[in-house]
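Note sheet for the following structure.
Both counts, for ligands and for their atoms, begin at 1 and track the order of listing.
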Amino acid sequence: MKYPRLLPLRTAVMLPFVVLLVVTLGIIAAAQHSSNQRMLDEMSTRLLHSYADNITTELNAFLFAPFAANNAMRDSIERFGLHTQDSLEKLDGYLLNMYKDYREEFPQISVISYGTEDGLYLGYRINDDDSISLMLKDKRTDMSLNIYKGLELTPTPSFQYEGYDPTIRPWYVPAATYLSSKWSSIYTNADEKQEITITGSSPVFKDDKFAGVLATDIKLNHINRFLADHSISYSGLTYIMDHQGRLIASSKDGYGMINDGQRRHAKESNNAVIAATGAHIESLLGAPLYDVQEFDLIIDEKRFFNLLVPYKDSHGLNWYILVSISEKALLGEVPAIQRAGLASVAVFAVIGLLTALMLISRLTQPVIEIANAARRLADGSWEYQIKSNVRLKETAMLTSAFRDMSARLQHSFFTLRKQVLYDSLTELFSREGLLDEMRKPSLKKQYSALYLLDLNAFRSINDSLGHLTGDRLLVAIARRLKARLPTDVTLARIGGDEFAVFHPDLATPAATEEFARALVDMFIQPFRIYDDEVVIQISIGLVSGTLKPNTEVEWLRNASLALSKAKFQESSRISSFEPFMADETMAKTRLTTEMSRAIENHEFCNFYQPVVSLKDGCIHGAEALVRWQSPSRGLVPPGSFIPLAEENGMIVDIGRQVLLKACQDTQQNIDSGEWPQDFSMHVNLSVRQLMQSDFVEQLKDVIRQTEISPQSLTLEITESRLASNNSQMITVLHQIRRLGVKIAIDDFGTGYSSLAYLNQLPFNKVKIDRSFISDLNDDAQRRNIVSAIINMTKGFGAEIVAEGVETPAQAALLNKLGCHNAQGFLYSKPLPLSQWPTLKVNIGRISPYNDQM
Ligand code: C2E
Ligand code: CA
Ligand code: CA
């Protein structure tokens with residue numbers, strides 16, 4: 001059997017642990033995660049701010065360099081009047097020296113130059129190979145801008161720019177406009193290198209008059225390098241943008257390129273982090289952005305913490321610095337270590353759970369074993385052993401209790417089985433035991449035979465000698481049979497006085513008969529019980545053949561059918577089963593079914609046979625005789641169904657219908673004057689009807705209902721059925737008599753009733769059985785018997801009716817002997833009421849001939 005909806009013990013025990021474990025791990029993971037977040041937030045804020053502070057300070061110093069240089073140079077130019085008409089010759093050496101000095105201190109300075117209102121220009125530029133180029137425009141260069149390889153004015157400069165006007169250059173304009181030190185915008189150099197530059201420019205005055213601009217350049221590349229050098233050492237990123245979101249410099253993606261005169265915005269960067277943060281900041285730039293902004297973004301599925309700080313200086317810079325760092329960089333190996341820790345806890349937990357599971361499996365194993373053993377027990381197997389390798393107190397208790405229980409169960413089962421299989425009195429097999437033996441596979445192949453032995457008149461032995469003697473007799477019979485029968489024969493007592501012998505191996509049908517006779521012979525010798533010698537005879541029903549599986553019960557039934565035949569056989573007390581016997585039983589069953597339907601459908605009807613006075617030939621009574629008008633069988637005589645109806649009790653219903661109809665018909669005919677007032681209706685009554693507890697009530701009902709006078713009714717009861725001395729029956733008969741209804745003893749002379757018994761019966765009439773009348777011719781002995789019956793009846797003060805009168809001679813003789821009432825074919829066969837002879841009849845006028853039954 002499966003229990004799909006039930007939780008196994010193992011699971012029930014394990015489940016809470018598993019749940020607890022999962023929840024604990026979950027809580028740990030969640031707590032770890034939230035503490036990580038808090039730590040991240042704090043760390044990122046602190047780190048970003050400290051870095052931003054740092055870089056701002058450094059940048060201040062970095063960007064102050066040009067103005068420091070400018071201030072020193074301006075001072076000298078103004079004080080020493082180094083700016084002369086048309087020529088910057090005086091300034092040459094000085095500026096170069098200054099440049100050299102500052103280069104040492106501020107490597108970010110790429111160009112130092114001086115442009116004048118007169119359009120003169122002197123500059124020194126550092127080249128990639130660390131050499132210094134002179135850039136000059138004055139009268140020495142015929143007012144064209146010449147750029148030289150070195151510091152010498154060679155005839156062939158490396159670059160020549162005709163019509164160069166410093167005053168319109170981006171580095172010149174701010175100082176010239178505001179007349180104070182200012183940053184230029186970001187622009188491309190006019191020289192052959194075309195580098196992107198920002199210049200710190202300062203005005204120079206001559207005689208308090210604005211004369212020119214000192215310009216010190218920083219290439220944006222330098223700022224990039226500065227940012228890269230100062231960037232957070234591990235995977236951090238820094239960049240600078242202006243207030244329009246245009247990229248100025250960055251630690252990762254260089255400066256903002258100029259495309260078609262337009263500088264690139266941070267959001268257009270190739271670097272994903274710069275692009276994303278740039279876009280974010282640009283969305284903020286619309287709103288006033290005075291203070292620091294801290295934000296984090298998920299970029300390419302990685303989290304970045306960012307800090308934006310405004311960067312302003314006294315020379316007109318209005319920049320923003322953005323510092324960014326990834327979560328991964330921030331946390332480093334921490335998450336991985338935490339994950340590994342959590343994983344190892346999980347692994348330990350799983351190992352623990354598996355161990356617990358194994359342990360529980362082993363612990364629950366005895367329970368499962370016992371359940372299996374119990375199931376085997378239920379299926380009838382006692383052999384199953386409980387295997388258990390777990391020795392624990394509770395399971396040992398359970399196992400031992402189960403073993404005790406199954407041992408006891410086994411004991412009581414076998415005791416019970418013994419009781420079922422054996423007959424306790426004779427110790428032979430019982431009916432069940434016999435069937436069990438017959439079912440054994442080894443017996444099935446041979447030609448075998450089953451004999452049922454019935455002891456004739458065993459009941460009278462029991463009645464006369466007592467039950468104890470009866471039991472002794474049965475034991476003695478068992479012993480004798482056991483002693484004389486071959487050992488392979490199975491012997492059983494299957495009923496009170498019924499024995500069964502199963503012979504598994506008989507060669508031929510002839511041998512079967514022979515064995516039956518041998519069984520009969522075993523009973524010739526009387527049995528000695530105490531001092532009595534008891535002679536007993538048996539009837540045998542047998543069935544033989546090859547016993548097929550599952551036909552044992554059928555064999556027993558067939559043998560029983562043969563036995564009932566044997567009991568009623570006059571010739572031989574041995575009867576072998578033949579299929580017709582089963583057919584008879586079938587026919588009986590079918591008849592029973594049809595009869596019960598017939599009762600419901602009122603298919604039974606009454607025929608009436610006149611009772612005639614022999615003195616005057618008048619009809620003064622009738623006997624109601626039932627007929628069955630069956631749709632399938634036609635008109636059925638009572639002999640064909642009354643015995644079966646008596647057997648199965650249906651006679652009660654049939655009898656009731658007959659009685660009612662007879663009384664109705666009688667009263668109607670008396671009322672209509674067809675029949676005389678003192679007409680006597682005889683109705684046959686079965687003892688089974690009489691023995692009903694409410695029969696008298698039923699009778700009263702019929703009388704009330706039909707308004708028949710009780711004196712007109714006589715109930716006939718067969719003498720042989722009255723014979724057993726039954727006090728209840730006698731009481732009922734008296735009650736009937738008291739109602740005024742008469743009682744007739746039917747078939748008188750065949751029941752062998754004692755006079756003493758007859759004396760107790762309250763009868764009014766006696767009907768001499770037809771067998772006496774048919775023999776009643778000139779045989780003097782017969783005549784004497786009838787005469788004796790008539791006289792005896794008169795002695796009881798009862799009327800007498802002769803049945804079955806067929807000849808006028810019989811009628812005459814009966815009349816002479818003093819019997820004046822008769823019934824018989826001589827006068828009329830039983831007729832339906834519609835054919836009832838209407839005329840008053842005498843002996844001569846009632847026709848003996850009639851087609852009806
Ligand atoms: P019974 O009570 O002895 O009825 C008389 C039987 O003798 C009737 O047979 C009747 O037809 C037959 N009989 C009458 N005169 C003659 C004659 O001159 N010669 C011959 N050979 N027979 C004659 P029936 O009608 O076949 O009834 C047979 C038996 O069925 C009855 O015997 C009675 O025992 C039983 N029976 C009939 N009707 C009923 C009934 O309503 N209730 C009960 N319990 N038994 C009934
Ligand atoms: Ca009768
Ligand atoms: Ca009769």
Which bit of V658 gets closer than 4.0 Å to ligand 1, counting heavy atoms only: side chain, backbone, both or neither? side chain
Just checking F429 against F502, ring centres under 6.0 Å apart? no
Looking at NE2 of H503 and CG of L542, how far apart are the two atoms once the value is rounded to the nearest 0.5 Å? 12.5 Å
All pairs passing salt bridge (Lys or Arg N to Asp or Glu O under 4.0 Å) where residues 700-709 contributes a residue, at least two apart: E697-K700, D701-R704
Interfacing atoms of ligand 1 (cut-off 4.0 Å, heavy-atom, D747): 3 (O)
Taking only non-hydrogen atoms of R627 and a 4.0 Å limit, the atoms of ligand 1 in range are 25 (O)
Between N815 and H820, is there a side-chain donor-acceptor contact under 3.5 Å, judged purely by atom types and distance? yes
The Ca ion (ligand 2) to nearest N/O/S of N684 less than 3.0 Å: yes
I'd like to know if D747 and K767 make a salt bridge, using a cut-off of under 4.0 Å between side-chain N and carboxylate O. no
Tell me, which N, O or S atom in E716 is closest to the Ca ion (ligand 2)? OE1
Below a 4.0 angstrom heavy-atom separation, can you tell me which part of E623, side chain or backbone, both or neither, approaches ligand 1? side chain
Check contact between P637 and ligand 1, using heavy atoms of the residue and a distance below 4.0 angstrom. no
Quick check: Q609 and ligand 1, any N/O pair under 3.5 Å apart? yes
For the pair E799 and K742, find out whether any cationic side-chain nitrogen is under 4.0 Å from an anionic carboxylate oxygen. no
Candidates D769, L685, N684; heavy atom nearest atom 46 (C) of ligand 1 found on N684
Heavy atom of S686 under 4.0 Å from ligand 1? yes
Where at least one partner belongs to residues 629-671, residue pairs that pass ring-ring contact (aromatic ring centres under 6.0 Å, His included), sequence neighbours excluded: F604-F641, W628-F641
Taking 4.0 angstrom as the limit and counting only heavy atoms of P638, give me the atoms of ligand 1 inside it, by number and element. 24 (P), 25 (O), 26 (O), 27 (O), 28 (C), 30 (O), 37 (C)
Using a 4.0 Å cut-off to any heavy atom of P830, which atoms of ligand 1 qualify? 11 (O)
Please check if any side-chain donor atom of S630 sits under 3.5 Å from a side-chain acceptor atom of S632, or the reverse. yes
Cation-pi check for F527 against R480: NZ or CZ below 6.0 Å from the six-membered ring centre and within 45 degrees of the axis, yes or no? yes
When Q609 is tested against each of E803, Q823, K829 for side-chain hydrogen bond (donor to acceptor under 3.5 Å, both in side chains), which residue passes? Q823
Indicate, as side chain, backbone, both or neither, the part of E803 found under 4.0 angstrom from ligand 1 when only non-hydrogen atoms are considered. side chain
Could you tell me which atoms of ligand 1, counted from 1 in the order shown, lie closer than 4.0 angstrom to a heavy atom of E806? 17 (C), 18 (O), 19 (N), 20 (C), 21 (N)
Is it the case that ligand 1 has an N or O less than 3.5 angstrom from some N or O of D746? yes
If you stand at the Ca ion (ligand 2) and look out to OE2 of E623 and OD2 of D746, what angle do those two lines make, to 10°? 170°
Identify which of F825, F607, F604 has a heavy atom lying nearest to atom 17 (C) of ligand 1. F825
Do D463 and R459 meet the salt-bridge criterion of a basic N to acidic O distance under 4.0 Å? no
Which bit of R770 is near ligand 1, meaning a heavy atom under 4.0 Å away: side chain, backbone, both or neither? side chain
Between K565 and E584, does any NZ, NE, NH1 or NH2 come within less than 4.0 Å of an OD or OE carboxylate oxygen? yes
So for ligand 1, is A624 a polar contact partner (N or O within less than 3.5 Å, distance only)? no
What do we get for K767 next to ligand 1 when only non-hydrogen atoms under 4.0 Å count, side chain, backbone, both or neither? neither
